[in-house]
Amino acid sequence: MAEYQFRATEKKWQAFWEKNQTFSASDDFEKPKYYTLDMFPYPSGAGLHVGHPLGYIASDIVARFKKQQGFNVLHPMGFDSFGLPAEQYAIQTGQHPAITTSENITRYIEQLKNIGFAYDWKREVRTSDPSFYKWTQWIFMQLFNSWYDYHDNKARSISVLTEHFEKTGNQLIKAACDEDTPDFTATDWLHFTEEEKQKILLKYRIAYLSEAVVNWCPAMGTVLSNDEVKDGFSERGGHPVERKKMMQWSMRITAYANRLLEGLNKLDWPEPVKEMQRNWIGKSVGAELDFEVVKNSFDPSLDPSPKEREMPGYMTGDQEIWEALKRFSRENRKDPTEEEDIFWQAVRNKKTGYKFRRQHPIGNYIADFVCLDRKLVIELDGEEHKINKEYDQLRTDYLNSCGFKVLRFWNAEIKKNISHVLDKVIEELRTSPSLSERGAGGEVFTDKNPSLDPSPKERKANDLKIKVFTTRVDTIYGVTFMVLAPEHELVKEITTSEQKEAVEEYVKIAKNRSERERMTEVKRVSGVFTGAYAIHPFSGEKIQVWIGDYVLAGYGTGAVMAVPSDDERDLAFAEHFGLPVKQVVEDGKIINSDFLSGLPIKEAIAKAIEYVEEKGIGKAKVNFRMRDAIFSRQRYWGEPVPVYYKNGIPYLLNEDQLPLELPEVDKYLPTEDGEPPLARAKTWKTEEGYELEKSTMPGWAGSSWYMFRYMDPHNNEEFVAPEKQEYWKNVDLYIGGSEHATGHLLYSRFWTMFLYDMGYLNVDEPFQKMINQGMIQGRSNFIYRVEGKNTYVSKNLKDQYTTQAIHVDVNIVYNDELDIEKFRRWRSENADAEFILEDGKYVCGAEVEKMSKSKHNVVNPDDVIEQYGADTLRLYEMFLGPLEQFKPWNTNGIDGTSKFLKKLWRLFHNEKGDFSLSDEKADKKALKALHLAIQKVEYDIEHFSFNTSVSTFMICVNTLTELKCNNREILTDLMRVIAPYAPHICEELWQLAGNSGSISDAGWPKFNPEFIKENEFTYPVSVNGKHRDNMTFSFDTPKEEIEKAVLENPKIQKWIEDKPVKKFIFVPNKIVNVVV
RNA sequence: GCCGGGAUGGUGAAAUUGGUAGACACGCAAGACUUAAAAUCUUGUGAGGGCAACCUCGUGCGGGUUCAAGUCCCGCUCCUGGCACCA
């Protein structure tokens, strides 16, 4: 019998498809379209391994299925061909990266064609091709020429912005711009020089030049991305990496933060990927507050000695914060608690014979009540004192150190028996000496004393403000200190001379601390007191300002208001340095917080923000974690940036000068002065002699828009013709790994939104639906060498020897059994190796690892195809399990799919091996088997459950084999169903059956439910939920009859015994359950 | 630490809406064909008990809801991916 000749047949059909352009997408705008896209591959020198095609096979199945269903299918492939490996290879060998890249691509295409993908190869693109990167440069120019308008929430042309500037300056405009953008009026603008204007505009452009902190690798002379840096060293080469400020092109992606976030809701993407993007964008809603700084509060050069200052002369309130304290005491007085009011009524107007003041500032605290003459403070405590004992003790200690005695009463005592409390107070007053008796100055402190107003100098000090961002304003009363990042700009200004040395030392260490150290010492608390104090904007208390490197300069404002009771890191810091902790949240409610007390967290946040805005302390603010994306690379093998410099100001080239092609250079290394490789090109200047930009674009530039280029890949006038883009819109199905979640998938959304804003696209998202594929891991095999000998022992005997496990090439191992002959030939030293076998076999050990050359576990699809054929590989990769699951590659089961194809082939042939089909009317059972398969496969493809389709094919073929079915109608329909998965064999059988043309044009068989209709159903019958028997009934059997039959069934009766039947559960076409 | 995903026979896995757990394969065992091997075909194959009919147990662990749980709820364990001093 004629065996299926897969090698010849597969080559034949691959040639047929190419010759007939079977899979070229037409620009027939009348047809419904379907655009399915694979992740853009980087053509590496290692070629494809079996893990790569997993997603490609899945999308190929969808593409072929959709084509058979009558869609105009766009299924292209191309190459993300700029990139580091080729450049690295060029540095090592001097070979031009264009040559290496082109060779690698040739190999990739060959491998891809071997698998029989239905790509429209006419549309292939390569990002390193000038005809492609011309448009990458063009898009860069549009980004440079645009700014982001927050008012209309879209990008606009820069000319609109300059018009605004001419009319109104930059004050009325809501635009995305650099933090340090100065305010200017229209008149200012008109008086700016051209250069000044350009500098200002750079602060608004979406593609802009600015100083950025980057990972600089001096050894490689280049900047590395975060994921190229591992523990402070370059991933490649392991050179040390330092943080360095450099002029870099950046993309103002932060302007799109909110839209990138909101847009996720309408995308059909895997939830984990969306979640990753949400986390990356990191939106937090909160408030920005200003904390006034008490400058040099402890600085002896400005102040009397701390001792003197704390001495309770005529002045008890801390001078520098007097204004603020005064404000707060007044505020507090307006709104006393019930108990405070009872007490005040009892002591006011010298009722006790002593003058009392309430809510009076002492040092940096406000005492509830104070008798200044007798130096007695009365504090009333509520329940919160129990929680805040520590904090209150600190306060008491401070007051004691100022010479005050502190008496505490419970609120409950006041209410219950005020006269008893008064007795105690009077007793205390009588026994303590008066102020005059103590001999300190006799002046009496009053609110009106003009000498207490802060001096102009001090007032200036108060202008220093520390801005903080918080998502939890509700915990404001729990703020007991502040921490600034060591790099914070105010650190120098506020540090007192006493603390100067310690602070400078700390800043120096923190700055030199590599990322690596910071990572490994996460749990170590470190910090230094600046000596400065800030004023709590709500309570008016003085709190210490510290610096600590757990506060990140790059996030928020680089400063935090520390709430140790509610934040772990703040707590660790407070505990380490003995700073106070004040409880403010209990059981989801705010406590101990003045007017916020008693409110649930959410309401407290709202109320606190309201208060903050009303008092002008701060404002509600939305913060994003995402940073602008650095766009420059100090590399050779990337798109040149179409910019030249005049007096240090960047200007765009003219559009007709595009593409700006990569120059030839003598070496692909940075210059001796650390300039990027492009500086080596002597011609790297404009015609007028201006210097061209020397950095190139990053890998993600080309991949951020390539999906649109496939719609119109050869257009020299536009990046895509509008009518073509309008038809193809965006990608209907993108299959790829989730590892691109926060890179490629975010940047391409950003560019698409931008191009949409500017009217170049009619969609604002590039990928409507995406599904993730799991990675295929390697499965390594091990052999065990007896120590010191050239003898290898089989796995299950190895414990009897001292052995060493060695990776062995998985390609010479079959079902974990080593092919000894091949092993002897694998390496010369193996030729005379000896083996200790078990049951005549050498059994290898196995382990799941990354697929890599060094582990000898790389499986090349070409080898699998050589042995089994492309159809088998395609089926097997799908059969392996759900697409999105991570799984090791293991050829153990591949025989099953291979056998299946042979079985399929045999269906079309008689015993003699001749092709033979019958034209008789189709058998009912065969029709049912076929239509069950049609229904299931349709469902599976639409739900991306490819593994179950393969099972379905097997079941169908098994059934048809059993039925000895060789019916033409049935079998040719079956071919149309299997064709998307195993196209070569199906084309061949389709042709042998007398059809012409490609089966991909033969349509999809229509599912007919009539054929799978049953008229009876076999019920599983259970007693108390336990399956006991099966009984078959026709569909129209009434429930009563079934119940009767079931209860009469002796097998069932046996289980019912004599127990009464409590309930009879009957679910039509599902189950029968008798409850006894 | 935070946020995802997962755990089912010797192996890959299936079970779509809570309704017969293990489909379909691999592997293994026995058998047929053959001088033999390969290929192919047939039968068996979750564990335990039993000559058998059949019974008991069984979807990571411990509880719960339900006539019925791999599937739903609560609490854990382990593996895995991402993020991480993010205020």
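In what follows, every chain begins at residue 1, and chains take the letters A, B, ... in the order their sequences are listed.
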- [ ] Identify, between A:Lys887 and A:Ser1022, the residue whose nearest nucleotide on RNA chain B lies closer to the 5' end.
- [x] A:Lys887
Open item on the list: Base, sugar-phosphate or nothing for A:Tyr939? Non-hydrogen atoms, less than 4.0 Å.
Closed with: base
- [ ] In whole angstrom, give me the gap between the P atoms of B:U65 and B:U16.
- [x] 25 Å
- [ ] Could you tell me whether A:Lys1062 contacts a base, only the sugar-phosphate backbone, or nothing, with contacts defined as non-hydrogen atoms closer than 4.0 Å?
- [x] nothing
Open item on the list: By the 4.0 Å heavy-atom rule, please label A:Trp1055 as base, sugar-phosphate, or nothing.
Closed with: sugar-phosphate
Open item on the list: With a 3.5 Å cut-off and heavy atoms only, can you find an N or O donor on one side and an acceptor on the other between the side chain of A:Lys936 and the base of B:U16?
Closed with: yes
Open item on the list: Need one value for A:Asn958: base, sugar-phosphate or nothing, where a base atom within 4.0 Å counts as base even if backbone is also close, heavy atoms only.
Closed with: sugar-phosphate
Open item on the list: Please determine whether a side-chain nitrogen of the Lys or Arg among A:Glu271 and A:Arg278 lies less than 4.0 Å from a carboxylate oxygen of the Asp or Glu.
Closed with: yes
TODO: Quick one: label A:Pro272 by what it contacts on the DNA or RNA (base, sugar-phosphate, nothing), any heavy atom closer than 4.0 Å.
DONE: sugar-phosphate
TODO: Tell me what A:Asn623 touches on the nucleic acid: a base, only sugar-phosphate, or nothing, going by heavy atoms under 4.0 Å.
DONE: nothing
Task: Atom-pair distance (NZ on A:Lys899; P on B:A38), nearest Å - done: 12 Å
Task: Taking every non-hydrogen atom, the tightest pair across A:Pro270 and A:Met770 - done: CD-O, 3.2 Å
Task: Rounded distance (Å) that lies between atom C1' of B:C41 and atom CZ of A:Phe900 - done: 18 Å
TODO: Please work out if A:Asp567 contacts a base, only the sugar-phosphate, or nothing of the nucleic acid, heavy-atom cut-off 4.0 Å.
DONE: nothing
Task: Nearest-Å distance once atom P is located in both B:G82 and B:A14 - done: 23 Å
Open item on the list: By the 4.0 Å heavy-atom rule, please label A:Val560 as base, sugar-phosphate, or nothing.
Closed with: base
- [ ] Would you kindly give the CD-to-C1' distance between A:Glu1043 and B:C67, to the nearest whole Å?
- [x] 13 Å
Task: Spacing between A:Phe879 atom CZ and B:C24 atom P, to the nearest angstrom - done: 10 Å
- [ ] Output yes when at least one side-chain N/O atom of A:Gln885 is less than 4.0 Å from OP1 or OP2 of B:G12, else no.
- [x] no
Task: For atom CG of A:Leu746 and atom P of B:C83, their distance in whole Å - done: 13 Å
Open item on the list: Tell me if the aromatic rings of A:Trp546 and A:Phe577 count as close, with their centers under 6.0 Å from one another.
Closed with: yes
- [ ] Looking at every strand, decide which applies to A:Ile1065 at a 4.0 Å heavy-atom threshold: base, sugar-phosphate, or nothing.
- [x] base
Task: Test item: side-chain donor near acceptor, A:Asn958 and A:Lys903, under 3.5 Å - done: yes
TODO: Please determine if a side-chain N or O atom of A:Arg1028 lies less than 4.0 Å away from the OP1 or OP2 oxygen of B:C55.
DONE: yes
Task: B:A69 and B:A87, which share atom name C1', separated by this distance in whole Å - done: 44 Å
Open item on the list: Counting the atoms with a prime plus P, OP1 and OP2 as sugar-phosphate, which does A:Arg627 contact under 4.0 Å by heavy atoms, base, sugar-phosphate, or nothing?
Closed with: nothing
Task: Inter-nucleotide C1' distance (B:U20, B:U71), Å rounded - done: 15 Å
Open item on the list: Looking at A:Asn1073, I'd like to know whether one of its side-chain N or O atoms comes within less than 4.0 Å of OP1 or OP2 on B:G19.
Closed with: no
TODO: May I ask you to verify whether the side chain of A:Asn892 and the base of B:C26 hold a donor-acceptor pair under 3.5 Å?
DONE: no
- [ ] Tell me yes or no: between the side chains of A:Thr948 and A:Asp940, is some donor less than 3.5 Å from an acceptor?
- [x] yes
TODO: Quick one: look up who B:U40 pairs with, Watson-Crick or G-U, both distances under 3.5 Å, and put none if it's unpaired.
DONE: B:A32
Task: For B:G9, glycosidic torsion class - syn if within 90° of 0, otherwise anti - done: syn
TODO: Scan side-chain atoms only and decide if A:Asn623 and A:Ser284 contain a donor-acceptor pair under the 3.5 Å cut-off.
DONE: no
Open item on the list: At 4.0 Å (heavy atoms only), tell me whether A:Glu884 reaches a base, stays on the sugar-phosphate, or touches nothing.
Closed with: nothing
Open item on the list: If I take atom NZ in residue A:Lys274 and atom P in nucleotide B:C3, what distance separates them, rounded to the nearest angstrom?
Closed with: 20 Å
Task: d(CD, A:Gln277; P, B:C3) in whole Å - done: 20 Å
Task: Touch class at under 4.0 angstrom, heavy-atom based, for A:Lys283 against every strand present - done: nothing
Task: Atom-to-atom span, CZ of A:Phe624 to P of B:C86 - whole angstrom - done: 19 Å
Task: B:C54 OP1/OP2 closer than 4.0 Å to side-chain N/O of A:Lys1026 - done: no
TODO: Answer whether the closest heavy-atom distance between the side chains of A:Phe624 and A:Asn258 falls below 4.5 Å.
DONE: yes
